[in-house]
Enquirer: 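The structure is given below, and queries will be raised subsequently.
Count residues from 1 along the sequence.
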Amino acid sequence: MGRIAAGSLAAALAWAAWSLAPSDAIAQGVPVGTAQNAVGTLVVVRTDGIEHRLQGRGSLPLFEGDVLRTEPGSQAIVQLRPGAPVALNEKTSLKILSRWEKTAGTIRILRVSQGEVWAKAGSGPAALEIETPAAVASGRDAEIDLKVAEDGQSALTVVSGSAEFGTPFGVCAVKGGTASVGARGAACTAPQPTNAAAAVGWKQAVSQ
């Protein structure tokens with residue numbers, strides 16, 4: 001199976017997973033990473049509804065099924081196992097999930113409902129996936145930024161490496177220095193050159 005064909009299958013499976021009830025996909029209590037720094041406030045909501053807040057530097061454990069939310073004017077950075085840093089821009093909401101595959105092992109999944117995330121994927125076959133209401137992005141050895149509007153429209157920028165970006169209508173191979181947009185009811189747009197460094201400039205404050 002070719003790379004794009006495999007990506008199409010992965011996108012389709014991830015798209016189907018979006019509609020599953022949380023209890024179908026969550027193994028509660030499984031540690032998946034640590035929240036390390038917040039400029040402003042990072043809110044972490046556990047599966048039992050209990051909320052934790054991180055302000056400034058710290059070491060807040062993250063678990064399968066946690067929902068992370070940044071307030072207006074806030075940003076945060078977390079470290080997912082086994083070594084994938086992820087930054088959240090302001091007004092971002094996401095859920096941390098995982099999927100196990102025989103050939104790839106454990107794949108971390110960020111289900112982003114709105115906002116903007118930056119991530120640096122590891123070297124596994126598909127170490128990290130980011131799902132939105134309109135699209136799925138996956139990559140390895142890649143630095144990516146994904147911005148999700150209120151209507152679900154999703155703009156992927158690849159800073160380095162390459163990523164697959166798919167909707168139910170097709171998959172795009174997005175290389176470093178280019179960007180693509182995915183929307184409901186449409187295929188991803190052909191990747192276009194972009195100023196990737198400017199697109200991820202927002203994360204500098206929380207990464208320091």
Side-chain angles (χ1 to χ4, degrees), residues 2-8 10-12 14-15 18 37 39 68 70 72-80 83-94 107-208:
R3 184 172 183 273
I4 297 301
S8 299
W15 180 264
W18 179 274
N37 190 23
V39 175
L68 279 57
T70 49
S74 298
Q75 298 173 338
I77 191 162
V78 306
Q79 185 76 25
L80 297 181
V86 176
L88 290 72
N89 205 351
E90 65 171 348
K91 295 184 285 187
T92 296
S93 179
L94 64 83
I107 300 171
R108 299 294 178 215
I109 301 169
L110 303 178
R111 183 169 291 176
V112 184
S113 56
Q114 67 175 21
E116 183 173 15
V117 297
W118 165 91
K120 196 166 186 179
S123 58
L128 183 67
E129 288 184 0
I130 305 177
E131 298 179 6
T132 81
V136 178
S138 63
R140 54 181 179 180
D141 290 329
E143 181 181 351
I144 61 179
D145 182 272
L146 189 56
K147 190 171 185 178
V148 184
E150 290 184 3
D151 64 358
Q153 178 171 292
S154 307
L156 173 69
T157 299
V158 177
V159 181
S160 61
S162 63
E164 288 183 344
F165 189 46
T167 77
F169 299 89
V171 175
C172 298
V174 187
K175 297 180 179 181
T178 66
S180 176
V181 176
R184 285 190 172 105
C188 48
T189 61
Q192 298 294 323
T194 190
N195 186 339
V200 299
W202 60 268
K203 74 177 183 67
Q204 295 306 314
V206 75
S207 300
Q208 295 177 354

Enquirer: What I'd like to find out is whether the side chain of Pro133 reaches to under 4.5 Å of the side chain of Arg184, using heavy atoms alone.
Expert: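 Heavy-atom side-chain distance check passes, below 4.5 Å.
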
Enquirer: Mind listing the closest non-hydrogen atom pair of Gly182 and Phe165 along with its distance?
Expert: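 What the structure gives for the nearest pair is N-CE2, 3.5 Å.
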
Enquirer: Find the distance between CG (Leu146) and CG (Asn89) and round it off to the nearest 0.5 Å.
Expert: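 Output value for this atom pair is 12.0 Å.
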
Enquirer: Applying side chain to side chain contact (heavy atoms under 4.5 Å, CB included), run through Leu80 and Leu110 and close with a yes or a no.
Expert: CA-CA 10 Å; Leu80 297 181; Leu110 303 178; 3.8 Å; yes

Enquirer: Between Ser160 and Gly176 (side chain of the first, backbone of the second, donor and acceptor by atom type, cut-off under 3.5 Å), is there such a pair?
Expert: no

Enquirer: Among all residues two or more places apart in sequence or in another chain, which pass the side chain to side chain donor-acceptor pair (under 3.5 Å) test with Glu143?
Expert: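 Only Trp118 meet the side chain to side chain donor-acceptor pair (under 3.5 Å) criterion with Glu143.
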
Enquirer: Ser154: which residues meet the side chain to side chain donor-acceptor pair (under 3.5 Å) condition with it, sequence neighbours left out?
Expert: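 Per chain and number, Ser154 pairs via side chain to side chain donor-acceptor pair (under 3.5 Å) with Thr132.
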
Enquirer: Is a side-chain donor or acceptor of Glu90 paired with a backbone partner of Gly73 at a separation under 3.5 angstrom?
Expert: yes

Enquirer: Please check if the side chain of Ser93 supplies one atom and the backbone of Gln114 the other of a donor-acceptor pair under 3.5 Å.
Expert: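 Judged by distance alone, no pair lies under 3.5 Å.
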
Enquirer: Any side-chain heavy atom of Val86 sitting closer than 4.5 Å to one from Leu68?
Expert: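 A side-chain contact under 4.5 Å is absent here.
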
Enquirer: Please table the atom pairs, donor to acceptor, closer than 3.5 Å between any side-chain atom in residues 197-207 and protein atoms at least two apart or in another chain.
Expert:
{"unit_1": "Trp202", "atom_1": "NE1", "unit_2": "Glu116", "atom_2": "OE2", "d": "3.1"}
{"unit_1": "Trp202", "atom_1": "NE1", "unit_2": "Asp145", "atom_2": "OD2", "d": "3.1"}
{"unit_1": "Trp202", "atom_1": "NE1", "unit_2": "Ala199", "atom_2": "O", "d": "3.4"}
{"unit_1": "Ser207", "atom_1": "OG", "unit_2": "Lys203", "atom_2": "O", "d": "2.8"}

Enquirer: With rounding to the nearest 0.5 Å, note down the distance linking CD1 in Ile109 to CD1 in Ile130.
Expert: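 CD1 of Ile130 is found 11.5 Å from CD1 of Ile109.
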
Enquirer: Is there a donor-acceptor pair under 3.5 Å between the side chain of Thr167 and the backbone N or O of Ala134?
Expert: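 Not confirmed, Thr167 side chain does not pair with Ala134 backbone.
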
Enquirer: Is the side chain of Thr157 donor-acceptor paired with the backbone N or O of Ala196 at a distance under 3.5 Å, no angle test?
Expert: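 No: the side chain of Thr157 does not pair with the backbone of Ala196.
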
